[in-house]
There are 2 protein chains.
Amino acid sequence: MSLDKSHNAQRTSWVASAQAAGCDFSLQNLPWGRFRRAGSTEPWRIGVAIGDQILDLAAARPVAGWPAALAPQLDALAQGDLAAVIAAPKATRVALRLAISDALATGSPQQAALAGCLVAQAAAEMALPCTIRDYTDFYTGIHHATTVGKLFRPDNPLLPNYKWVPIGYHGRASSIVVSGTPLRRPLGQTRAPTSPADEAPAFGPCQRLDYELELGAIVAQGNALGEPVPITAAEDRLAGLVLLNDWSARDLQAWEYQPLGPFLAKNFGSTLSPWLVTMEALAPYRVPFTRPAGDPQPLPYLDSAANRAAGAIDITLEVWLQTAAMRQRGEAATRLSSSNFRDAYWTLAQLLTHHASNGCNLATGDLLGTGTQSGPEAGQGGSLLELSMGGKQPLALPGGETRSFLADGDTLTLRAFAQQAGGPRVGFGACSGTVLPAPLTA
Amino acid sequence: MSLDKSHNAQRTSWVASAQAAGCDFSLQNLPWGRFRRAGSTEPWRIGVAIGDQILDLAAARPVAGWPAALAPQLDALAQGDLAAVIAAPKATRVALRLAISDALATGSPQQAALAGCLVAQAAAEMALPCTIRDYTDFYTGIHHATTVGKLFRPDNPLLPNYKWVPIGYHGRASSIVVSGTPLRRPLGQTRAPTSPADEAPAFGPCQRLDYELELGAIVAQGNALGEPVPITAAEDRLAGLVLLNDWSARDLQAWEYQPLGPFLAKNFGSTLSPWLVTMEALAPYRVPFTRPAGDPQPLPYLDSAANRAAGAIDITLEVWLQTAAMRQRGEAATRLSSSNFRDAYWTLAQLLTHHASNGCNLATGDLLGTGTQSGPEAGQGGSLLELSMGGKQPLALPGGETRSFLADGDTLTLRAFAQQAGGPRVGFGACSGTVLPAPLTA
């Protein structure tokens, strides 16, 4: 897509904190979220993050100076209906972004009135950015697929379909929660692979609780059942991205996953970050989609000139851990790994087109997970399973603790941002959850 | 559960067609459905099937004689809100069934007034019985799992977890359609297992389109995230059953399903029957849950005295096919197979308890598919894959046609009923769909 003045890296906001070093929510970002005053029971409102503040779009609606053509969208936002806006045509979404960028830019004639429409993020609580209708998780991290494949199938790590099919499966929508929601360690069946065939499995708390570092794409516009979406139309049907922690119970997974895939190992909870970073905000960070020499090129239905030119996105991804002991000692979280979404084997456009290629109908608010994003180097694994080599090499943490898998009380936080040298940051905020002890067994 | 007079097999209805031989909708059934006059755009109404008629619960609401204590439920039904009723406590659902049974029984003082509240089923169109929030498909048909396992993994048909774990996976909610909706043959990637590893897969219309004969349970009451449901509480959280055709693209499935399970091979459409047959209506047909000698008993969390005594249900299941040529010749559908739900390896209570055992939250309107219900004998397979031995032994149809898999124009219909010798039938009606040609490839 073409860049406009909302992408101009020199542009600043009259909200001074937007220019702070390391601030995720620069004027060039402008992600959507649903919020209310912390502790209140008031209806969720739509806001745009700017610096350490939220522009309240209900309060901002009566302010003079908004473009008249955007009245329907601004009314919908004021009424708390984000779906109505993310489902709007691409051109409308671009115009809306530009209007909000202008309103928050230094020198805006709306500044005086809008200054009263800011809510401090520290004083707000957040909901999921929208209702997630159907949730699909893909498997685009080839380094993850290879490393994990070695652990589950030493003789056969990367299956023959991987480089042809954007592998995906359906996840559980009901147990998707917003960042900050604590997560209870699951109970489940486990049996060691080395057990005799007639030995009964155990049932009890998961012993190998893990996270997975993912991004999730939110669908803007769906398709009718039976009507595929060509790859040339796929990008415009995506609203934006959030962070996604696909919590995983590795011991349950190893025992249950054949032949129909992971189930209880995953559906006890998945955490999303609350701010929907739009595809428009990520436009300056698009990079070519490439394949390693010797790898097959995508089949024609998954190939387009635009996808080759700029199908991938340069987004830095990070995982941070704070244990209960670290919290007690007042120590900040420690970074476990860093990787980049540009290393994904498939692009978002390919995922959407593949998903609809059989006629499956997608809808506004559907979530497409990218799968775990691990980098090519050791130490860039997007899960503890990878970082600890299947639990065999525990990670040493500051202060002397170690982790092969997550312990009760651990707070796991995903972070991500796109940024060019010296430029503004388009960040995702935090995707965070703390592990609670398992419920008592019956 | 205890039986009451609504289950009395001698009881008849003043709607004469309810007593017709082979009628699915006897006075002992009383399934819920959502309907409107065919071809209209009026809002969906809630009805109860009786004989070849539907009792319109909006029209029936003002009729005198309903129990005063049921006013909230009758009001909700009149307003088209079935979820409010199926989410009601078990005792309320039982009382409501009894009131409707009394109203439709021969000699009811409400007969004269309610006679004007009937709509002929032939004049109605049906919606899904409720909005399906999350859809999980299980795999309880051990004969299906064994036969299909042999085709996909000749050396390893039934995996070691099968007899311990009620295997399940998440399905796609958006593409669930009501009986009568035509289904477009999907496009997709395929590659023969014998192909060289560097050969590109093909992309085009599915060549091995199949059905799967399943029942689906609708959840009445859910659980909070992190709070398992003991098996002793599971039955009361089920509202009832529908028929489910889990259409399957076998060639897509074979190529895509490892390691994360079926995806595009399944999510191009799943068909439900429109009438929700309640657990109360099925109470007289409960039978013991048993395991073959030598098989392991369920782990304690999946075991209870009530489940052992009456966890299974005796329901006859049938598959019928009418090809386009048969339709042109005016020939009725031919029966492809028959099996019985009592042969399922796991009970509905075990499925629900297992699903929530890790804390996964279920909600009113969730769908739990049973997996394909094949009988132990040859010819009792619940899919063409089984009946045609993986396509190697095409079925001969009346009139000289053969089928290894479904052809364009085929109408596939599932049927089911519970019935004791000489007693009334508690039937499911039809779960039907016709195959349309694939869309043109791009």
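Chain identifiers are assigned alphabetically (A, B, ...) following the order of the sequence lines, protein sequences preceding nucleic acid strands; residue numbering begins at 1 within each chain.
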Could you tell me which of [options] has the largest number of non-hydrogen atom pairs under 4.5 Å with chain A?
options                                    : answer
Gly188(B), Ala145(B), Cys206(B), Gly168(B) : Gly168(B)
Pro262(B), Ala438(B), Ala265(B)            : Pro262(B)
Phe268(B), Trp255(B), Tyr169(B)            : Trp255(B)
Asn267(B), Leu183(B), Val165(B), Leu436(B) : Asn267(B)

Quiz item: Within the distance-only criterion (no hydrogens, no angle test), does the side chain of Arg172(A) pair as donor or acceptor with the backbone N or O of Tyr135(B) below 3.5 angstrom?
Solution: no
Do you know which of [options] has the most heavy-atom pairs under 4.5 Å to chain B?
options                                    : value
Asp366(A), Leu159(A), Asn161(A)            : Asn161(A)
Gly226(A), Pro259(A), Pro186(A)            : Pro259(A)
Arg185(A), Glu256(A), Glu227(A), Lys266(A) : Glu256(A)

Heavy-atom pair with the smallest gap, counting every atom of [X] and [Y]:
X         : Y         : value
Leu299(A) : Pro201(B) : CD2-O, 3.8 Å
Asp134(A) : Ser174(B) : OD2-N, 3.0 Å
Ala173(A) : Arg133(B) : CB-NH1, 4.0 Å
Gln189(A) : Pro166(B) : NE2-CD, 4.5 Å
Ser175(B) : Leu225(A) : CB-CD1, 3.7 Å
Phe203(A) : Tyr301(B) : CD1-CE2, 3.3 Å

Practice problem: Side chain from CB out, backbone as N, CA, C, O: work out which of these in Leu264(B) comes under 4.5 Å of a heavy atom of chain A, or both, or neither. | Solution: both
Quiz item: Does any heavy atom of chain A fall under 4.5 Å from the side chain of Pro296(B), the backbone, both, or neither of them?
Solution: neither
Exercise. Output the residues of residues 349-362 of chain A for which the shortest heavy-atom distance to chain B is under 4.5 Å, in residue-number order; output 'none' if no such residue exists.
Key: His354(A), His355(A), Ser357(A), Asn358(A), Cys360(A), Asn361(A), Leu362(A)
What part of [X] is in contact with chain B, defined as an atom under 4.5 angstrom from a non-hydrogen atom: side chain, backbone, both or neither?
X         : answer
Pro160(A) : both
Glu199(A) : backbone
Pro300(A) : neither
Leu302(A) : side chain
Tyr162(A) : neither
Thr136(A) : side chain
Leu260(A) : both
Asp137(A) : neither

Exercise. Find the distance between CH2 (Trp164(B)) and CZ (Arg191(A)) and round it off to the nearest 0.5 Å.
Key: 7.5 Å
